[in-house]
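In what follows, residues are counted from 1 in the order of the sequence shown.
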Amino acid sequence: MLSIGLTGGIGSGKSRVADLLAQWGAALIDTDVIAHALTGPQGEAMPALREAFGVQAVTAEGALNRAWMRERVFRDPDAKARLEGILHPLISRHAREQGERARGAYRVYVVPLLVESGRWRDKVDRICVVDCDPETQISRVRERSGLTPDGIRAIMAAQSTREARLQVADDVILNDGATSAALLHERTRMMHDRWIALAAALGTTRGRQASA
Ligand code: ADP
């Protein structure tokens with residue numbers, strides 16, 4: 001099955017794009033959802049996180065104390081590496097298992113930090129970037145979350161730049177400040193139609209290879 005890695009900076013609109021693709025029949029595998037489940041109450045990653053970071057990292061409900069951890073990894077690159085060392089292999093395994101079970105026209109792995117992590121590039125057939133200018137990212141996230149512009153800029157500074165994302169992109173969906181919701185819908189539909197055609201072509205080639 002054709003696999004797409006969908007990425008983009010915070011507020012770029014990748015959740016919107018992913019929702020549309022799912023409505024049209026793509027199988028979504030969302031690594032943020034997986035990460036939340038792993039670090040929720042009694043989540044699979046919690047024993048290792050408690051071991052690595054102590055009881056302060058765990059809420060009374062047995063979930064990850066996100067505010068504490070965010071603060072910690074911001075100040076301490078070693079802590080960030082330890083956190084990722086625990087979470088990333090688990091996320092990869094669950095994403096792979098979900099991908100194997102997935103039924104749909106093609107698979108879409110939603111990976112916010114795809115460009116940053118390096119683990120994903122050879123696991124997908126194509127990388128699609130939802131592209132947006134930084135000013136629009138800030139205003140969208142501000143409306144959605146109530147974070148301050150400085151807080152949002154700090155998150156963006158820890159992510160890849162727009163240019164670095166575009167450099168690894170096979171496909172780009174532009175969703176900048178001049179893109180209305182209707183235009184995003186149209187651009188996403190064009191991409192979907194292209195992937196459907198590609199999935200059909202790939203199905204034929206892979207089928208031929210398998211029977212050769
Ligand atoms: P991401 O998942 O990349 O962080 P979202 O898809 O959640 O981004 O989009 C961020 C916010 O901006 C959401 O509230 C979303 O509804 C809104 N948004 C995204 N694209 C558009 C657009 N083209 N027009 C209007 N609002 C948009």
Side-chain angles (χ1 to χ4, degrees), residues 1-37 88 91-133 136-137 140-141 144 159-212:
M1 202 193 289
L2 176 71
S3 294
I4 307 294
L6 182 70
T7 193
I10 184 171
S12 60
K14 56 192 173 302
S15 306
R16 263 201 184 203
V17 168
D19 286 348
L20 288 168
L21 298 173
Q23 275 174 36
W24 299 331
L28 275 200
I29 300 123
D30 188 326
T31 56
D32 258 357
V33 173
I34 295 173
H36 264 84
H88 286 184
I91 293 171
S92 291
R93 176 163 62 77
H94 281 268
R96 191 176 61 243
E97 287 169 5
Q98 286 187 21
E100 282 162 7
R101 287 197 302 270
R103 294 284 170 270
Y106 54 88
R107 293 187 201 98
V108 177
Y109 294 94
V110 186
V111 188
L113 299 180
L114 185 149
V115 177
E116 293 80 347
S117 94
R119 296 175 79 97
W120 279 93
R121 294 198 202 171
D122 55 351
K123 296 200 173 79
V124 293
D125 296 306
R126 300 184 75 77
I127 294 174
C128 177
V129 167
V130 181
D131 180 47
C132 182
D133 57 286
T136 305
Q137 286 179 267
R140 284 190 192 138
V141 176
R144 182 182 65 184
Q159 301 188 341
S160 278
T161 61
R162 185 180 191 185
E163 292 69 30
R165 269 191 213 96
L166 289 175
Q167 227 159 36
V168 303
D170 299 294
D171 297 308
V172 176
I173 298 176
L174 176 64
N175 186 33
D176 61 4
T179 307
S180 65
L183 188 53
L184 177 64
H185 187 283
E186 194 179 306
R187 286 183 181 147
T188 306
R189 184 73 207 192
M190 279 172 60
M191 199 57 79
H192 169 76
D193 290 344
R194 217 180 294 163
W195 290 335
I196 290 281
L198 198 59
L202 212 60
T204 317
T205 337
R206 284 184 182 165
R208 240 188 266 130
Q209 278 168 355
S211 60

Starting at [atom1] of [X], measure out to [atom2] of [Y] and round the result to the nearest 0.5 Å.
| X | Y | atom1 | atom2 | value |
| --- | --- | --- | --- | --- |
| I91 | L113 | CD1 | CG | 9.0 Å |
| I173 | T188 | CD1 | OG1 | 4.5 Å |
| I127 | T7 | CD1 | OG1 | 8.5 Å |

- [ ] List for me each residue that meets salt bridge (Lys or Arg N to Asp or Glu O under 4.0 Å) alongside D171, sequence neighbours excluded, and say none if there are none.
- [x]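 For D171, the residues satisfying salt bridge (Lys or Arg N to Asp or Glu O under 4.0 Å) (neighbours in sequence not counted) are R126.
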
- Run the side chain to side chain contact (heavy atoms under 4.5 Å, CB included) check on V110 and L28 step by step: do they pass? CA-CA 7 Å; V110 186; L28 275 200; 4.2 Å; yes

What residue pairs, at least two apart or across chains, pass salt bridge (Lys or Arg N to Asp or Glu O under 4.0 Å) with a residue in residues 176-192?
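Pairs touching residues 176-192 that pass the test: R189-D193.
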
message = Filter on salt bridge (Lys or Arg N to Asp or Glu O under 4.0 Å), then keep only pairs touching residues 97-114, sequence neighbours left out; what's left?
response =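 Pairs touching residues 97-114 that pass the test: R93-E97.
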
Of all heavy-atom pairs between [X] and [Y], which one has the smallest distance, and what is that distance?
| X | Y | value |
| --- | --- | --- |
| L202 | L2 | CD2-CD1, 3.7 Å |
| T136 | D133 | OG1-OD2, 2.6 Å |
| G5 | L114 | CA-CD1, 3.8 Å |
| A199 | A105 | CB-O, 3.7 Å |
| P112 | T31 | CD-OG1, 3.5 Å |
| V115 | A164 | CG1-O, 4.1 Å |

Checklist line | Inter- and intrachain pairs under side-chain hydrogen bond (donor to acceptor under 3.5 Å, both in side chains), touching residues 113-122, at least two apart | finding: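 Non-adjacent pairs meeting side-chain hydrogen bond (donor to acceptor under 3.5 Å, both in side chains): S92-R119, E116-S160.
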
When you look at R165 and Q159, which way does the side chain to side chain contact (heavy atoms under 4.5 Å, CB included) test go after all the steps?
CA-CA 10 Å; R165 269 191 213 96; Q159 301 188 341; 3.5 Å; yes

Any residue meeting side chain to side chain donor-acceptor pair (under 3.5 Å) with [X], in chain and number order, not counting sequence neighbours:
| X | answer |
| --- | --- |
| D131 | R162 |
| R194 | none |
| D125 | R206 |
| Y106 | H192 |

I want to check something: taking the side chain as every heavy atom from C-beta on, are I29 and I34 in contact at a cut-off of under 4.5 Å?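 When only atoms from C-beta onward are counted, I34 and I29 do touch, with a gap below 4.5 Å.
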
Side-chain donor-acceptor contacts of residues 8-20 below 3.5 Å, not counting sequence neighbours, with atom names and distances?
| unit_1 | atom_1 | unit_2 | atom_2 | d |
| --- | --- | --- | --- | --- |
| S12 | OG | G9 | O | 2.8 |
| K14 | NZ | G8 | O | 3.2 |
| K14 | NZ | G9 | O | 3.1 |

Review point. Tell me, which pairs form a ring-ring contact (aromatic ring centres under 6.0 Å, His included) where one or both residues lie in residues 164-185, sequence neighbours left out?
Key: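 The answer is W24-H185.
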
After noting the C-alpha distance and the side-chain angles of N175 and R140, does the key distance pass the side chain to side chain contact (heavy atoms under 4.5 Å, CB included) rule?
-> CA-CA 11 Å; N175 186 33; R140 284 190 192 138; 3.4 Å; yes

